Structure formats: structure tokens, C-alpha cells
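Heavy atoms only: backbone and side chains are in, while hydrogens, waters and symmetry mates are out. These numbers come from a predicted model, not from an experiment.
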Amino acid sequence: LDLRRAGRLPEMREYATRTEEVCRKFSAAAPGLPEPWYRMGRIHRALMRDAEAEAMQEEALRRDPKYAPALYERIVITGKKLRMPGAPDREALLARIAADAVAIGGAGVLGAAERRVASAYSAWASRDVERARRTFAEAIAYDPLLEDGFEGLALLEVDQRDSRRPSSV
């Protein structure tokens with residue numbers, strides 16, 4: 001992410017390619033472990049390739065359905081889908097976020113900011129908008145470099161604005 005923030009995209013793509021090669025070798029050597037798939041998915045999300053990122057997280061979760069880092073990534077990717085034109089059923093997306101957040105629970109493997117982001121999405125999924133807002137803000141305060149907090153809060157605010165707008169008939 002540091003390379004992306006610095007605008008060094010060619011270097012980022014090169015780093016991603018090398019990292020993915022290492023992860024694929026690791027996954028071949030230890031096919032039952034979710035981590036290499038999670039890492040490859042994380043790289044794809046950093047490259048803003050969310051469909052590929054989601055597929056990699058699904059592979060990680062096939063190996064361990066309770067693997068908190070992959071559940072977190074899936075929450076963030078699913079949260080983005082709430083704002084996509086032609087997105088799948090909104091209620092299904094919210095239910096998936098809520099289920100993944102429950103599965104994460106208080107997993108110690110996630111950082112404090114990531115746990116707050118997952119909790120904020122869970123609050124949003126349960127329609128507790130004020131708690132979601134507050135928890136996204138806590139995540140941002142805890143780790144201002146974690147873009148997921150800013151993005152989640154922005155998605156929530158746009159969603160709330162759009163839900164108050166009268167629909168055209």
C-alpha cells in the first residue's frame with residue numbers, strides 16, 4: 001500500500017507479481033492453509049481488483065471458514081458492493097457482512113483498527129447507523145492510514161444520503 005500511496009504503481013504491480021508467485025508456491029507446498037490465498041487476495045484488493053480479491057478470499061475461507069483476516073477482507077469487499085450499480089440483493093449483502101462479523105468475533109489476529117472496521121460494518125448491517133458512524137471514526141482515529149475506515153464511513157454516508165432522497169417514479 002505504501003507504493004500505491006506514493007503513486008509508484010509500476011513498482012507496486014511488480015511487487016504484487018513477485019508476492020503472488022511466492023504465495024502460489026507456498027500454497028502448493030501447504031495446500032490446506034488459508035494464509036497464502038488471503039495474502040494474494042489482499043494484494044489484488046490493493047491493486048483495486050476486487051473480483052479477483054474476493055475469489056482469493058473465498059479460496060482462503062474454503063480452507064478455514066473462520067480465518068479472521070479473510071473474513072475481514074470479505075466484509076470490506078462486500079461493503080463496497082452495497083454502493084455498486086446492479087449490486088446483488090442488498091439484504092443478502094448485509095446478512096453476509098453480519099455473519100462474517102459474528103464469525104470474526106474478537107479475533108486477536110486482526111489489528112484493533114480492523115476489528116473496529118468490521119464492527120462498524122456489522123453495526124451498519126444491523127441498521128445501527130450511529131454506532132457504525134462512531135465505530136468507523138474510532139477506526140480512523142486508531143489508524144489514520146487504514147483506508148478501509150475512511151472508505152467504509154464514506155460508503156455509509158452516501159448510502160444514508162441516498163436513502164433519504166425521494167425516489168423517482
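- Here A70 pairs with Q57, A60, L61, Y67 under the side-chain contact (heavy atoms from CB on, under 4.5 Å) rule; sequence neighbours left out.
- Residue T78 holds its OG1 atom at 10.5 Å from CD of E73, rounded to the nearest 0.5 Å.
- Checked for salt-bridge contact, E130 and R134 miss the test: no charged N lies under 4.0 Å from a carboxylate O.
- Side-chain atoms of I140 and L146, non-hydrogen and from C-beta on, never get closer than 4.5 Å to each other.
- S126 OG to I97 CD1: the interatomic distance, rounded to the nearest 0.5 Å, is 11.0 Å.
- Partners of E59 according to the side-chain hydrogen bond (donor to acceptor under 3.5 Å, both in side chains) rule, which considers only residues two or more places apart in sequence or in another chain, are R62, R63.
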Which atom pairs, donor and acceptor, lie under 3.5 Å between side-chain atoms of residues 46-54 and protein residues at least two apart or in another chain?
residue: D50; atom: OD1; partner: K80; partner atom: NZ; Å: 3.4
residue: D50; atom: OD2; partner: K80; partner atom: NZ; Å: 3.1
residue: E54; atom: OE1; partner: K81; partner atom: NZ; Å: 2.8
residue: E54; atom: OE2; partner: K81; partner atom: NZ; Å: 3.0
residue: E54; atom: OE2; partner: R96; partner atom: NH1; Å: 3.2

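- Between atom CG of residue L155 and atom CZ of residue F150 there is a gap of 13.5 Å, rounded to the nearest 0.5 Å.
- Side-chain heavy-atom separations under 4.5 angstrom define the hydrophobic clusters, and V158 shares its cluster with no other residue.
- To the nearest 0.5 Å, the span separating OG on S122 from CD1 on I104 amounts to 9.5 Å.
- With sequence neighbours left out, D100 forms a side-chain hydrogen bond (donor to acceptor under 3.5 Å, both in side chains) with R74.
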Passes side-chain contact (heavy atoms from CB on, under 4.5 Å), Y72 versus D148? Steps please. CA-CA 10 Å; Y72 171 80; D148 301 341; 2.6 Å; yes
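- By the salt bridge (charged side-chain N to carboxylate O under 4.0 Å, His left out) test, E114 is found to be paired with no residue, residues two or more places apart in sequence or in another chain being considered.
- Residues satisfying the side-chain contact (heavy atoms from CB on, under 4.5 Å) test with A123, not counting sequence neighbours, are D128, R131, A132.
- Y142 is linked by a side-chain contact (heavy atoms from CB on, under 4.5 Å) to A112, A113, R116, counting only residues two or more places apart in sequence or in another chain.
- In plain terms, the two heavy atoms of L156 and R133 that are nearest each other are CD2-N, 3.7 Å.
- The side-chain contact (heavy atoms from CB on, under 4.5 Å) check on R90 picks up L82, L94, W124, D159, with sequence neighbours excluded.
- Follow the hydrophobic side-chain contacts under 4.5 Å out from L93 and you never reach I77; the two are in separate clusters.
- Closest non-hydrogen pair, Y121 versus G152, comes out as OH-CA, 3.4 Å.
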Do R161 and E157 pass the salt bridge (charged side-chain N to carboxylate O under 4.0 Å, His left out) test, and can you show the C-alpha distance, the side-chain angles, and the key distance before you say yes or no? CA-CA 6 Å; R161 180 202 66 202; E157 295 302 339; over 6 Å; no
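- In this structure, V109 and P69 approach most closely via the heavy-atom pair CG2-CD, 3.8 Å.
- Once rounded to the nearest 0.5 Å, the distance linking CG of L71 with NZ of K66 reads 10.0 Å.
- Cluster note: W37 groups with M40, M56 through ILVMFWY side-chain heavy atoms spaced under 4.5 Å, whether in direct contact or through intervening members.
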